[in-house]
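The structure appears right after this line, and notes come after that.
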Protein chains: 2
Amino acid sequence: MAIPGSSHAASPSARIVSIDDLRAHCSSCSMRELCLPFGLGSGEIEQLFAIIGSRVKLRKGEALFRNGAAFSALFAIRLGSMKTTMLSDDGREQIAGYHMPGDILGLDGISSGRHECEAIALEDTETCLIPFERLEEVAREIPALQHSLHRVVGREIGQDHRQLLLLGSMRAEERLAAFLLSLSERYRRRGYSSTEFVLRMTREEIGSFLGLKLETVSRLFSRFQEEGLVQVQGRAVKIVDLPTLKKLAGVH
Amino acid sequence: MAIPGSSHAASPSARIVSIDDLRAHCSSCSMRELCLPFGLGSGEIEQLFAIIGSRVKLRKGEALFRNGAAFSALFAIRLGSMKTTMLSDDGREQIAGYHMPGDILGLDGISSGRHECEAIALEDTETCLIPFERLEEVAREIPALQHSLHRVVGREIGQDHRQLLLLGSMRAEERLAAFLLSLSERYRRRGYSSTEFVLRMTREEIGSFLGLKLETVSRLFSRFQEEGLVQVQGRAVKIVDLPTLKKLAGVH
DNA sequence: CGCGCCGTTGATATTATTCAAGACCAGTGG
DNA sequence: CCACTGGTCTTGAATAATATCAACGGCGCG
C-alpha cells in the first residue's frame with residue numbers, strides 16, 4: 001500500500017509532488033487562516049512549512065488513506081473536497097464528514113495508529129502531507145502551533161457533535177436544511193458565495209451523510225424548490241429563502 | 001457561574017475538594033492505563049499530577065460544565081459516569097456521549113474557548129480538573145504526555161465516528177445491540193464484568209443517545225429478552241447470547 | 001449512438017413514533 | 001404502617017415518516 005519512496009500512507013494511485021511552487025507555501029496559502037498556520041508568526045510558519053515535505057494530488061474518487069492503513073500523517077486540504085466514510089462490517093458505508101480546503105484530515109488515526117475511516121476525493125483535490133511525529137516535535141517548540149493543532153482537533157470534535165445532533169434528533173427536512181446552511185456558512189468563511197454553490201456529492205452521498213436514502217434527498221430538494229426555499233438544478237444550488245431555511249433547521 | 005476561589009468552570013453546586021488523599025494520585029489511580037498517565041514514567045506522572053489542582057465531585061444530575069461556559073480545563077472521570085448532551089436551539093437534546101472512568105471530558109471547548117455541550121453526572125461522580133493551559137505547557141516538556149493527550153483526543157474522535165455510523169446507518173435493533181456490545185467492551189477494559197452490568201441511564205436517555213424514542217428502546221429490551229439475547233430487569237442487564245447480539249449489531 | 005450513472009417521481013411497504021393506559025418502585029409525609 | 005406521589009417502564013393501537021421497489025428521463029462520455 002505504501003508509495004515508493006514514501007513511508008506515508010496514501011493510496012497507490014495518488015501522486016506525490018515535491019514542492020516546486022511558491023504558492024504551495026503556507027504563508028501564501030489562501031487557507032492559512034483556517035488551517036494550522038493560524039496565529040503563527042512568519043518565522044513560525046517557516047518552521048511548520050519545513051516539515052510539510054510534499055503535496056498529495058488526488059483525482060476524483062481516489063483515496064487519501066483507506067480503512068486500516070497505518071497512520072503517520074495528517075493531511076490539510078488545499079484545493080478540492082473530500083469525504084470521509086466509516087464502513088460497517090457488513091459493507092454499509094456512512095459518510096462521517098464532508099471536507100473543504102483548510103480542513104485537516106486523518107485525526108481519527110492518532111489513537112490506534114491505524115486509520116479507522118477512508119478519505120476519498122470528491123473531485124480533483126490537492127492536500128499537504130504533514131508527518132505527524134514531526135508535527136508533534138515542532139508543536140513542542142512552538143506553543144502557538146501546539147495550540148493551533150488543538151484548535152483544529154477541537155473543531156473536528158465540535159463538528160462531529162453537531163452531526164450527532166443532526167442524525168439523532170432531526171427529521172429529514174430539518175437535516176437537509178441544516179446541511180445546506182452548514183455548506184453556506186463554510187463557503188462564506190472561505191470567501192465563496194454563501195448562497196450559490198455546487199454540491200460535490202451525489203444524492204446518495206448526501207443521503208449517507210444525513211442518514212437518509214437518496215430518494216428522500218431528491219424528494220426534499222424538489223419540495224424545497226416548490227416551496228421557494230432554494231433553486232436546484234442537479235448539483236447547482238441557490239439558496240433563495242434563507243430565513244425560512246433557518247427556521248426549518250431549528251435555528252432561531 | 002464560577003466557583004468561589006476558582007477560575008474554572010463548573011456548576012455552582014459542585015464541590016471542589018483539595019487533594020488530601022493518596023488514592024487520588026495519578027500513579028495509584030486505577031484508571032491510569034486508560035487516562036492521560038498512560039505511557040508516562042513515574043517522574044513524568046509526578047509532573048502531570050502537579051498540575052491537577054483539585055478534584056470535582058458531583059452528585060447525580062449536577063453539571064460539570066454547561067453549554068456556553070468558558071473553557072479552561074479538561075476533566076478526567078475517576079469514578080462514576082457522565083453524559084454529554086448537545087442542545088438544539090428549539091430545546092431538543094441529543095446525548096452525544098456516555099462517559100466512564102478514565103474518559104476525558106471537555107475537549108469540545110478547545111476550539112472556540114466555550115463549551116458546546118453540557119456534561120451531566122448520571123450518578124455521584126468524581127473527576128480530576130486539569131487546567132488546559134498548564135497541560136499544554138507540561139505537554140511541551142514531556143513528549144509522552146503530549147502523545148497521550150493526542151491519543152485521548154483521537155479516541156474521542158473515533159468514538160464519535162462510530163456513533164455517527166450507528167445513528168446514520170443502523171436500524172433500531174442494530175443500534176441497541178451495538179450499544180450493549182460497546183458497554184460490554186468498555187466495562188471489560190475497566191476490569192468489570194462484560195456480561196452483567198447496570199445501566200446508568202433511563203430508557204429516555206438511552207433513546208436519545210441512540211436516536212430512538214424511549215418506547216422503542218423499551219420494546220427492544222423486551223424483545224431481546226424474549227429472544228433470549230439478554231436478561232433485563234429495569235436497568236440491570238445480563239448478556240446471555242453474545243454471538244447473536246454481535247450478529248445483530250453487524251459484527252462478523 | 002448506446003451505455004452507465006445519476007436524478008426524479010409514484011405506489012407501496014416497513015419502521016419507528018405518537019398517543020394512551022396502566023404497572024412498578026422508591027421516597028415521603030400523614 | 002400505609003397511602004400518596006412522581007418518575008420510570010411496559011405494552012397496545014393508531015399514525016406518520018421514511019424506505020423500498022419500480023419505472024423512466026437526462027446527461028456525459030467512450
Side-chain angles (χ1 to χ4, degrees), chain A residues 59-61 83 88 90 92-95 120 122-124 166-180 198-227 230-238 248 250, chain B residues 59-61 83 90 92-95 120 122-124 166-180 198-227 229-238 248 250:
Chain A
R59 270 188 286 262
K60 182 176 172 177
K83 63 175 176 181
S88 67
D90 58 350
R92 274 175 296 184
E93 89 167 28
Q94 167 71 26
I95 297 186
I120 312 283
L122 291 167
E123 60 193 307
D124 289 3
L166 183 149
L167 290 177
S169 74
M170 291 186 178
R171 290 175 312 105
E173 65 170 17
E174 299 173 309
R175 294 186 198 188
L176 187 62
F179 172 68
L180 291 173
V198 175
L199 302 169
R200 297 303 182 179
M201 296 197 277
T202 65
R203 299 290 188 261
E204 184 168 22
E205 286 168 329
I206 295 170
S208 170
F209 189 44
L210 300 180
L212 303 169
K213 291 299 162 185
L214 69 97
E215 294 95 331
T216 305
V217 173
S218 179
R219 280 184 240 274
L220 285 170
F221 271 127
S222 301
R223 217 179 76 206
F224 280 8
Q225 174 146 269
E226 276 174 33
E227 293 168 351
V230 297
Q231 273 183 266
V232 191
Q233 267 179 314
R235 302 198 190 172
V237 174
K238 182 174 174 180
L248 258 190
Chain B
R59 268 187 287 263
K60 182 176 172 175
K83 63 175 176 181
D90 58 348
R92 275 175 295 183
E93 88 166 29
Q94 169 70 27
I95 298 186
I120 313 283
L122 291 166
E123 61 193 305
D124 290 3
L166 183 149
L167 290 176
S169 74
M170 291 187 178
R171 291 176 310 108
E173 64 170 19
E174 298 173 310
R175 295 185 197 188
L176 188 63
F179 172 68
L180 291 173
V198 175
L199 302 169
R200 297 303 181 180
M201 296 198 275
T202 65
R203 298 290 187 262
E204 184 168 22
E205 287 168 327
I206 296 170
S208 169
F209 190 44
L210 301 180
L212 302 170
K213 293 297 163 187
L214 69 98
E215 295 95 327
T216 306
V217 173
S218 179
R219 279 184 242 276
L220 284 170
F221 270 128
S222 301
R223 217 179 77 205
F224 280 8
Q225 174 146 270
E226 276 174 33
E227 292 168 351
L229 304 179
V230 298
Q231 274 183 266
V232 190
Q233 268 179 315
R235 303 200 188 171
V237 174
K238 183 173 174 180
L248 257 189

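Here is the naming used below: chain letters follow the sequence lines, and residue numbers restart at 1 for every chain.
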Subject >> Phosphate OP1/OP2 of dA17(D) contacted by T216(A) side-chain N/O (<4.0 Å) >> reply: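 For dA17(D), OP1/OP2 do not have a side-chain N/O of T216(A) under 4.0 Å.
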
**OP:** Kindly say if R235(A) contacts the phosphate of dG7(C), meaning a side-chain N or O under 4.0 Å from OP1 or OP2.
**Re:**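 So the side-chain polar atoms of R235(A) do come within 4.0 Å of the phosphate oxygens OP1 or OP2 of dG7(C), strictly under.
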
Original post:
Heavy atoms under 4.0 Å, any strand shown: does S218(A) hit a base, just sugar-phosphate, or nothing?
Top reply: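 S218(A): base contact, heavy atoms under 4.0 Å.
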
Original post:
So what does G207(A) touch, heavy atoms closer than 4.0 Å: a base, only the sugar-phosphate, or nothing?
Top reply: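 Touches nothing.
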
Subject >> Minimum-distance nucleotide (side-chain atoms of T202(B) versus dA16(C), dC21(D), dC9(D)) >> reply: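 Of the options given, the side chain of T202(B) lies nearest dC9(D).
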
Original post:
When you measure from the side chain of L212(B), which nucleotide among dC21(D), dA16(C), dT11(D) comes out closest?
Top reply: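 Of the options given, the side chain of L212(B) lies nearest dA16(C).
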
Original post:
Could you walk me through whether R223(B) and E227(B) pass the side-chain contact (heavy atoms from CB on, under 4.5 Å) check?
Top reply: CA-CA 6 Å; R223(B) 217 179 77 205; E227(B) 292 168 351; 3.5 Å; yes

Original post:
Quick one: CD on E93(A) to OG on S169(B), what's the gap to the nearest 0.5 Å?
Top reply: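 Between atom CD of E93(A) and atom OG of S169(B) there are 9.5 Å.
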
**OP:** Measure the spacing between CZ of R171(A) and CG of L220(A) and express it to the nearest 0.5 Å.
**Re:**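 Reported value, rounded in 0.5 Å steps: 10.0 Å.
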
**OP:** Answer yes or no: side-chain N or O of R219(A) and base N or O of dG7(C) forming a donor-acceptor pair under 3.5 Å.
**Re:**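 Between dG7(C) and R219(A), which were checked side chain against base, a qualifying N/O pair under 3.5 Å is absent.
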
Original post:
Per the atom types in the model, does the base of dC9(D) pair as donor or acceptor with the side chain of Q233(B) at under 3.5 Å?
Top reply: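 Per atom types, no contact qualifies.
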
Nucleotide [N], atom [atom2] - distance to [atom1] of [X] in whole Å:
| X | N | atom1 | atom2 | value |
| --- | --- | --- | --- | --- |
| L199(A) | dT8(C) | CG | C1' | 16 Å |
| K213(A) | dA22(D) | NZ | C1' | 16 Å |
| K60(A) | dC5(C) | NZ | P | 12 Å |
| L176(B) | dT15(C) | CG | P | 16 Å |

**OP:** Name the residue closer to the 5' end of DNA chain D, choosing between A172(A) and F221(B) according to the nucleotide with the nearest heavy atom.
**Re:**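 Nearest nucleotide further toward 5': that of F221(B).
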
Original post:
Would you say R175(B)'s side chain and L167(B)'s backbone share a donor-acceptor pair under 3.5 angstrom?
Top reply: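 Confirmed, R175(B) side chain pairs with L167(B) backbone.
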
